[in-house]
There are 2 protein chains.
Amino acid sequence: MKDKKEKMQEILREKDIRVTRQRESILEVIFEAEKPVTATYIFSRLQESCPNLKLSTVYRNMNLFVKKGLLRKLSLDIDNNESYFELIRDEHHHHLICIQCNKVLPLDCPLGEFEEKIREETAYRIIDHSVKIFGICPHCQEFSNT
Amino acid sequence: MKDKKEKMQEILREKDIRVTRQRESILEVIFEAEKPVTATYIFSRLQESCPNLKLSTVYRNMNLFVKKGLLRKLSLDIDNNESYFELIRDEHHHHLICIQCNKVLPLDCPLGEFEEKIREETAYRIIDHSVKIFGICPHCQEFSNT
DNA sequence: AGAATACTTGCAAATGATTTGCATCTTTAG
DNA sequence: CTAAAGATGCAAATCATTTGCAAGTATTCT
Ligand SMILES: [Mn+2]
Ligand SMILES: [Mn+2]
Ligand SMILES: [Zn+2]
Ligand SMILES: [Zn+2]
């Protein structure tokens, strides 16, 4: 327990973020999730342990963490269009999304030379890109069979 | 003028959509735009010619047109996150978006064998995908130089 | 440690995109 | 021309996200 909190504090300090109870807890939830999470997901996970944490505080901190380079924000276009956030710790990658259970898997980036080709053809300065694949995961396929 | 209205009516009838003044006008705006448009874009274009058209009517019809296969809805992730709509008339393609002026260009789909590879590797049933490239168009580059 | 400063949070209200309920028109099929 | 089905105007509701402000807390500096 102590251990985990201390680790969260280290991470926050490394990024020049002031340490608060709520930030430690929010970060813990994000680390434990092992998948992209929404603000409301975090909020609901913390209902019991931090009864008067507000959703607006979660949002404020998600924005801060993004600005500080701890998280990236994803528009997964899943049902209600909530934003997802994931830790920036792995390589550049994309996402495979199950449109039934919202499970998210990482995908390698398929745009290797493509971006370069586009740059040459259009003279745009390329800044970023997004690739998403939507499908039905094996588990959901079983239950949706005819 | 007559000509244009009649063409819109034809299109609506072909798709089994009842013909109304507002639908004709909305569709005209979409055809004239030659680019993906938002509901508010359509709405503002029609302020003068249809003074009591409501934004909710535009939205209702965008949804209908999507359901009837006349339009596709795009999440371009441009500033306020408004949804864009474009005519379904051309090949499957993607979009190159200028993050300064919001200009949108079509892109060929770079995911050829990639989807198939993903299907084999993950056993997902692939339903759809999205590819977006964000950059700065030549015109905007001129004005944002150091 | 104690105080001053700067930053955070709780709380409530505001935003902005999109949707919805309902009463009143309008379109369309017969 | 008429009835039935569907569309629209209008206002209010939703939903995700943001913001203003006063009170609370972390950090910095004696
Ligand atoms: Mn990821
Ligand atoms: Mn297009
Ligand atoms: Zn699934
Ligand atoms: Zn531009």
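Below, chain A is the first sequence line, B the second, and so on; all start at residue 1. Basis for what follows: all heavy atoms, side chains included, without hydrogens, waters or symmetry-related copies.
- A:Gln22 is linked by a side-chain hydrogen bond (donor to acceptor under 3.5 Å, both in side chains) to nothing, counting only residues two or more places apart in sequence or in another chain.
- One interatomic measurement links the two molecules: CE of B:Met62 to P of D:dA7, which rounds to 16 Å at whole-angstrom precision.
- One interatomic measurement links the two molecules: CD of A:Gln47 to P of C:dG10, which rounds to 12 Å at whole-angstrom precision.
- Rounding to whole angstrom units, CG of residue A:Asn61 and P of C:dC7 are separated by 15 Å.
- Screening residues 30-50 of chain A for salt bridge (Lys or Arg N to Asp or Glu O under 4.0 Å), with sequence neighbours left out, gives A:Lys4-A:Glu32, A:Glu34-A:Arg89.
- The phosphate of C:dT26 (OP1 or OP2) has no side-chain N or O of B:Gln22 nearer than 4.0 angstrom.
- Nearer the 5' end of DNA chain C, as judged by each residue's closest nucleotide, is the contact made by B:Thr57, out of B:Thr57 and B:Ile17.
- Of the side-chain N and O atoms in A:Lys54, one or more sit less than 4.0 angstrom from OP1 or OP2 of C:dC11.
- For the residue pair A:Glu86/A:His95, the side-chain donor-acceptor check at 3.5 Å is satisfied.
- Rounded to a whole Å, the CD atom of A:Gln9 is 12 Å from the C1' atom of D:dA26.
- A donor-acceptor distance shorter than 3.5 angstrom exists from the side chain of B:Thr20 to the backbone of B:Arg23, with no hydrogens or angles considered.
- Taking the centre of each ring, A:His92 and A:His129 come in below the 6.0 Å mark.
- Taking atom CZ of residue B:Phe43 and atom C1' of nucleotide D:dG9, one finds them 11 Å apart after rounding to whole Å.
- Using a 4.0 Å cut-off between a side-chain N of Lys or Arg and a carboxylate O of Asp or Glu, B:Glu116 and B:Arg119 qualify as a salt bridge.
- Atom NZ of A:Lys15 and atom C1' of C:dC7 are 20 Å apart (whole Å).
- Regarding A:Asn52, its CG atom lies at a distance of 12 Å from the P atom of C:dA12, rounded to whole Å.
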Problem set entry | Contact pattern, 5' to 3', of nucleotides 14-25 of chain D - B, S or - by protein heavy atom under 4.0 Å | --SBBBB-----

